[in-house]
S.K.: 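Mind having a look at this structure? Questions to follow.
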Amino acid sequence: MNKFASAEELTRYQGELKRKTNGALKTISLCGGTGCKACGCNEIHTKLVEELNLREIRADIKVTGCQGFCEMAPLIVIRPDDTLYIQVKPRDIPEIVEKSIAGNEIVDRLVYHDSDGKPIPKESDVPFYKAQLRLVSKKTPYIDPMEIDDYIALGGYSALAKVLTSMSPEEVISEVKKSGLRGRGGGGFPTGRKWESCRKAEGERKFVICNADEGDPGAFMDCALLEGNPHQVLEGMLIGAYAIGSSEGFIYVRHEYPRAVQTFSNALFQAGEYGLLGKNILGTDFSFEVAINRGGGAFVCGESTALMASLEGRVGEPRAKYIHTVEHGLFNLPSNLNNVETWATVPAIIDMGVEEFTKIGNEKNKGTKMFSLVGKIKNTGLIEVPLGATLRQVVFDIGGGIAKEKAFKAIQTGGPSGGLLPEGMLDLPVDFDKLWEAGSMMGSGGMIVMDEDNCVVNISRYFLNFLKDESCGKCLPCREGIRYMMEILEKIEKGEGTMEDLETLEEIAHTVADTSICGLGKSAPNPVLSSLTYFKDEYIAHIKDKKCPGGICKALINYYILEDKCNGCGVCAKVCTMNAITGKKDQVHRIDLDLCEKCGACLESCPTEAIVRR
Amino acid sequence: MLQVEMNKKKVDAELDEMLAGYERDRTEVIMVLQDIQDKYNWLPQEALTYVAKNWQIPMTDMYHIVTFYKAFSLKPRGKHILQLCLGTACHVREAPFILDALERDHGIKNRETTDDGLFTLETVNCVGACAQGPILIIDGQMRGNMTQTKVGGIIRKLRKAHKEEVAENE
Amino acid sequence: MAELEVVEEKETGTAPTTGRFEPKIVAFLCTWCSYTGADLAGTARMEYPPNFIPIRVMCSGRVDPEFIFKAFRDGADGVAVCGCHPGDCHYISGNFKTMSRMPIVKRYLEQMGLEPERFRLEWISAAEGEKFQQVATEMTEQVRKLGPLNWNETVETQ
Amino acid sequence: MNEKTEIIAEPDVKMVTFTIDGKEVTAPDRTFLIKVAREHNIEIPTLCYNEHLEPYGVCRMCIVEVTRNGRRRIVTACNYPVTEGIVVETRNERIINNRKLLLEMMMARHSEVEVIRNLAKEYGVDTIRFKEQPSEECILCGLCVRVCNDLVGAHALCFAQRGPERYVTTPYDVESDTCIGCGACYHVCPTNHIKMEQMDGLSVVYGDVSLGPDKPIHIDFMQAVPATPWIDQKSCIHFQTDGCGICSEVCPTDAIHYDMKDEIVEVEAGNIIVTSGFKGFDPSPMYQFGYGRLPQVMTSIEFEKLSNAGGSTGGKLLTPDGRTPEAVAIVHCIGSRDKNYNEYCSRICCMQSLKFSHLIREKTGAEVYQCYIDMRCFGKGYEEFYSRVLSEDVHFIRGKVSEVTDFSPDGLPEGKVLIKVEDTLLGIVREIPVDMVILSVGIEPQVGAQDLKQKLRISVSPDSFFLERHPKLAPVATATEGVFIAGCAQGPKDIPDTVAQANAAAAAVLQAIAQGEVMLEPITAEVMEEQCTGCETCLSVCPYEAITKDEEKGIAVINDALCKGCGTCVAACPSGAIKQWGFDREQIIAEIDAVLADIAV
């Protein structure tokens, strides 16, 4: 395949591909996201190939990136009629092949059923997908990430062609500024303004950097994008580089995402083959190279200056931002750093045009945002909603409400820099400003839903413990302050907390936020502060009543066996390493509270859920 | 610190051949270290001095880098690498209970290698499979919906397999 | 104050007071060291025999062997050449030349039948007044013991 | 960016004006705020800041509140670049509270560290609400790591781990092999957690051996003339690793050039004045006095340094263990007027001892025992001073001290030694316990006087001081023309005499120079052309190369300006072709004839 010498060659090739793909063959798209892979999507794939060969049926199998509905993994979608089969097992394959691929029937038992049992075979009708608006992740379910042609067939790189042939760098910047696009990394800084100041900065050599560190625990949108649709991210970087006037790009991928590195380097290779990367792209005098840099395993490297330090081969220590990285960034040269999702949104803006794009979202927050909806939610998965949608829509319409009919307690957004929001805030629109005002933060997009069985103090301590380990230790307030806050929370968890502790906690929180060097330190107190504002009663319960409402803090709870539910099966007694549980066969068992280590193994393994902790 | 003497000449030769592709540019140092760690399962001192010499990085920077980033280990790691995800989603689904169980029932402490050199436990933050939390990755292979009992079973199976292997080649 | 002795003059070269044989010793002294040393012995009121009569030369290197033979031939019973200690010479290497010439002269004189005590080469620095006194006294006594040289009878006739 | 900022602006630097605590100030654009504040002596505390290092901004002590285009935020002064029109508040309530809490955090971890305790006291931080740990001295300010890596370039120290486990160490926590022991980390450490001990002359830093004195650039002692500092290359960082260079940066007159080398300077001089001075007699061979063994015993020169205002104790007279002495003994004629050492009298010890007695009486009121043989107060006003010291009831004992010992059968008070002296006037031997013994050491020729003698061809007198041409008529001239001696080089003397001699020598030189021409040596040699055979024997004989060969005439020629008139060539010439004026052959022969002639004297 020789290189595209001009934009026309690219569009001509796109036409050819389109004609080839909408042929008679059925496409079986199998979700290959990290979650599905963990559930055995490989076995299903091999079984599917076997079955098709056995029956000499020709069909196009596509193992795609994460399609979003992780709760119902592994997923199979039969195109073009878009039938969605969920929680598919290898043994279901023959039936699917026979009925849906050979014939046109639907295997009813494998289809999604809504809460009152009605089957909904069509993928787009399933409530999880219907309530979403897919813009950035629209192409992912239709592409094999290792195949550049799939992306081009869906109109990939046409935005780049349009930009290179008909727009000047300044026009591109003004388009992005007009679009109102704000950084998806969590800060929400207007991307257009950032590109403009980087373009204006002195110096010939400039860098374009993609921040794929995604250190927030509970967030995997960037991972899904990189693994599912690497070319869209690359195309965004190319457009940005052209606008800023840079010829060198870096992508800093997190240590825990080896598959993302694989798919992205393969994408780079293929783009280079097609002349979409390297010297004189599409015959123009714009050239751009991208180097992949694998992170060393440090959350702090998500911060721009620390990331650049890591890129320079140094320890990831942030520096004061009095001098902006767009003027003096990597190797002290102007560098424009954006998040994976921000880069991936750029081609969508250019393709659909600013008018269409600004229709989505609210007044100051334009476009859509991807979230990873996890925790005690029915439909855990990767979603994309327009900015301004309310939390309630996300949690209940898309998320399907709380699993196991438990009561909703809180939703945590923004990862370790974000905050805990109570039920009262569920009608808050999800955008940069409103979340910030509520004491939380958009963050990269992790949304962790918690129910009555979670403890707010424990979650706050978890985040502080995480930040204590991830702090680079360079500046005093973050290194010492976070540890002292965590120690106070540990005291409260043990039931030794006092009301003065809460005041000290607040005081430290403000000092750490005021005087830390980088974002990690500045935003570390947010989880604690927001939990203190919205869930003060839980703190008081721990301090005064020495009770843990969520039943998590070991020192304050005990395990009980409910007589009415216990059928005496003895599983709990077998599992208990401390053999604190006694009881004869088929008789109600009892837990000896002194011996009980509160390890929770019994509760986990009890078939009749007869064990509770209070 | 478990001091394992590696034969310097042998290590240098292996590294020469393995790292030939790199351009000896400072931005590669972290990736080079990761490649070395993949090969030896840990970072021997001989490898560090090799990289320091060839990439012209002072030993002071090297030592800070290998102790700063969690990916690197200065001690030999176990035969099986256990990575327990402690991301928020997994935390909320009681991953810490599994961490306590590993230490209490099987004597495998976080960020340490068991004395018999069989297991090394590391905690990671979110590997992107939150729907199947809590996640335990055993030698790169992800296992979802873990519970204390399931983990106990896996550990015992691995220990038995190891015992048999040892018995075989004796 | 020692009582002033009246010195009687005598025709013969011998010293008037003792009637013993008074030898005549010609001493070539270099200005910077041995002559100053002699001068020091004088100012320090050191007593030494008058038979040791100095002739000043700028440097011991100036002493031509011809002068030594002339002195012996014209009646000197002993000749002494004194210079600076090697390395101290005011003219850097003057006394080195003396050091190489005088042994030849000494052997020559012995071959002519002179007793070795009659000819001495001494290094005396400006500070060694005592040494000058000691050399003068000792050489005078030694030559006195040897008696007069009578160059003509002893040397010429052989 | 280590900005080179002088507040006096260079022409092309853009100046900005802004306010600090309401006061208007101007400074070059983008200067670090801390520099401007300190120029206007506005006190901002810092711990991890050093003006010669890149600002690190980690201790957060220097936080201030800055309002810029309407936005108020807390920044660190040490690395905040000032811009036009910003409003800086260094001491408002928010800053004070934050700083107090930061100090409380530090007190929890570094409660014993002095610099932290002082700051905490200053800001009224007394209750520590956090879990206290055993006090650690290192506050992780990183000054040592940065000075070692960025400035010195020895790359010996580094940080390790991250978060609260972060600590300062050397790679693999073993003794560093790249540390050059310059001590820079020892100097910059604000809590002197890094120790530097002297181990037999070398300073040991952080467990690593150093090579030289602690401060590479220093002035030996205040009275040195000229009192200019010098750089000890062995322990100066710049010469070890080509790093640092701070001294040349801060020197206002740009006087420091690292490329200067010791050179041998050849000076054409017509005259040389030798003022090589003297060396104090070393009393260690005299075991009976215990010099070097007993700390209380010191030489007069050491006492001079002790009593000097610029000395180590700032002029206070203290015994080695820091006490003011109650009794002091001064022993005369140590190494002078002594058959076994130097027979001559060193002239200055008597008056020097009197001065010491007066000083001791005045400063400490201690009992002074002066053991003398004869009081030689020869100079103007010297005798009067002696009687005055007598009136200050100093005990004068006429006798030689036989022994100084720290043992006495009936025990000695702490820190005292016993001197045994035979008082010849009372006819008894006295044993006196004293706190300090001063040995009035004599004067000896300066070290190296011997080889100077060789080089300049001058001779020495029996006491091995340089010999003057004539003790009475030419005390500052030497036998060699144009070489003069003055001061103790010629013999022991005190300052008035030395000054007098110095003037004399200078006058003699000036007189020679004033004449404008030099009198040639009258006694020179000359070649008689008709007799010279051109055999060139004389050429090699002349030490002054005064004889050259005239090729056309084929004869030797003597340059009478160079010829010193020694006559060696005259004796060496085989054909007797060289005449010497004043000591010609005929003249010497005539002298021999005269000596041997039997005529009455």
Side-chain angles (χ1 to χ4, degrees), chain C residues 7 9-14 16 24-28 30-33 36-37 39-40 43 50 53-68 70-77 79 84-85 87-98 100-101 125-130, chain D residues 450-451 453-454 457-465 467-472 478-481 521-525 537-538 540-544 546 563-573 576 578 580-585 587-601:
Chain C
V7 172
E9 263 122 353
K10 273 257 184 41
E11 260 321 301
T12 66
T14 57
K24 268 207 173 55
I25 301 168
V26 174
F28 293 95
C30 91
T31 309
W32 304 100
C33 292
T36 322
D39 189 39
L40 179 68
T43 52
I53 306 142
I55 296 178
R56 187 169 73 91
V57 284
M58 286 314 284
C59 174
S60 55
R62 175 67 185 88
V63 177
D64 193 329
E66 180 201 353
F67 299 151
I68 298 168
K70 170 145 186 27
F72 274 117
R73 207 178 57 243
D74 289 358
D77 303 306
V79 172
C84 303
H85 285 272
D88 280 2
C89 173
H90 183 66
Y91 301 106
I92 307 176
S93 56
N95 49 9
F96 293 158
K97 303 299 181 288
T98 324
S100 48
R101 286 180 199 147
S125 86
E128 290 167 325
E130 244 176 70
Chain D
Q450 285 318 323
D451 58 33
K453 176 173 82 82
Q454 309 289 61
R457 290 281 164 286
I458 47 180
S459 42
V460 285
S461 47
D463 54 16
S464 61
F465 287 97
L467 183 65
E468 64 287 357
R469 178 175 292 185
H470 194 279
K472 293 182 171 54
T478 63
T480 319
E481 198 50 47
E521 186 65 38
I523 309 157
T524 54
T537 313
C538 55
S540 59
V541 164
C542 175
Y544 300 99
C563 168
K564 289 281 182 268
C566 67
T568 312
C569 56
V570 178
C573 173
I578 310 178
Q580 178 175 20
W581 299 102
F583 287 85
D584 202 2
R585 184 175 164 281
Q587 287 168 305
I588 294 181
I589 285 173
E591 281 184 273
I592 297 171
D593 293 347
V595 163
L596 298 175
D598 282 347
I599 48 165
V601 168

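So that the names make sense, note that chain A is the first sequence line, chain B the second, and so on, each numbered from 1.
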S.K.: State, with a plain yes or no, whether a side-chain heavy atom of Ile589(D) is found less than 4.5 Å away from one of Glu66(C).
M.R.: yes
S.K.: Does any heavy atom of chain D fall under 4.5 Å from the side chain of Cys30(C), the backbone, both, or neither of them?
M.R.: neither
S.K.: With a 4.5 angstrom heavy-atom cut-off, which part of Ala525(D) approaches chain C: side chain, backbone, both or neither?
M.R.: neither
S.K.: Of all the heavy-atom pairs spanning Phe583(D) and Arg56(C), show the shortest one and how long it is.
M.R.: CE2-O, 2.9 Å
S.K.: What is the minimum heavy-atom distance between Asp584(D) and Arg62(C), and which atoms define it?
M.R.: C-NH2, 3.8 Å
S.K.: If you take all heavy atoms of Tyr544(D) and Tyr91(C), which pair is closest and at what distance?
M.R.: OH-CA, 3.1 Å
S.K.: Calculate, to the nearest 0.5 Å, the distance between atoms SG and NZ belonging to Cys569(D) and Lys97(C) respectively.
M.R.: 11.0 Å
S.K.: Give, as side chain, backbone, both or neither, the part of Phe28(C) having an atom under 4.5 angstrom from any heavy atom of chain D.
M.R.: side chain
S.K.: Checking heavy atoms, do the side chain of Leu467(D), its backbone, both or neither come under 4.5 Å from chain C?
M.R.: side chain
S.K.: What distance do Ile592(D) atom CD1 and Ile53(C) atom CD1 have between them, rounded to the nearest 0.5 Å?
M.R.: 11.5 Å
S.K.: Minimum heavy-atom separation for Cys59(C) and Thr568(D), please, with both atom names.
M.R.: SG-OG1, 4.4 Å
S.K.: For Ala571(D) and Gly61(C), which heavy atoms make the closest approach, and how far apart are they?
M.R.: CB-O, 3.2 Å
S.K.: When rounded to the nearest 0.5 angstrom, what distance separates OG1 in Thr524(D) from CE in Met58(C)?
M.R.: 11.0 Å
S.K.: Quick check for you: among Cys84(C), Gly94(C), Ala126(C), Ala71(C), which has the greatest number of heavy-atom pairs under 4.5 Å with chain D?
M.R.: Ala71(C)
S.K.: Determine the option with the most heavy-atom pairs under 4.5 angstrom with chain C, choosing from Cys566(D), Gly576(D), Gly567(D).
M.R.: Cys566(D)
S.K.: Just how far is it from atom OG1 of Thr43(C) to atom NZ of Lys472(D), taken to the nearest 0.5 Å?
M.R.: 8.5 Å
S.K.: Using a cut-off of under 4.5 Å on heavy-atom pairs, state which of Gly87(C), Gly75(C), Ser93(C) scores highest against chain D.
M.R.: Ser93(C)
S.K.: With only heavy atoms counted, which part of Val541(D) is less than 4.5 Å from chain C, the side chain, the backbone, both or neither?
M.R.: both
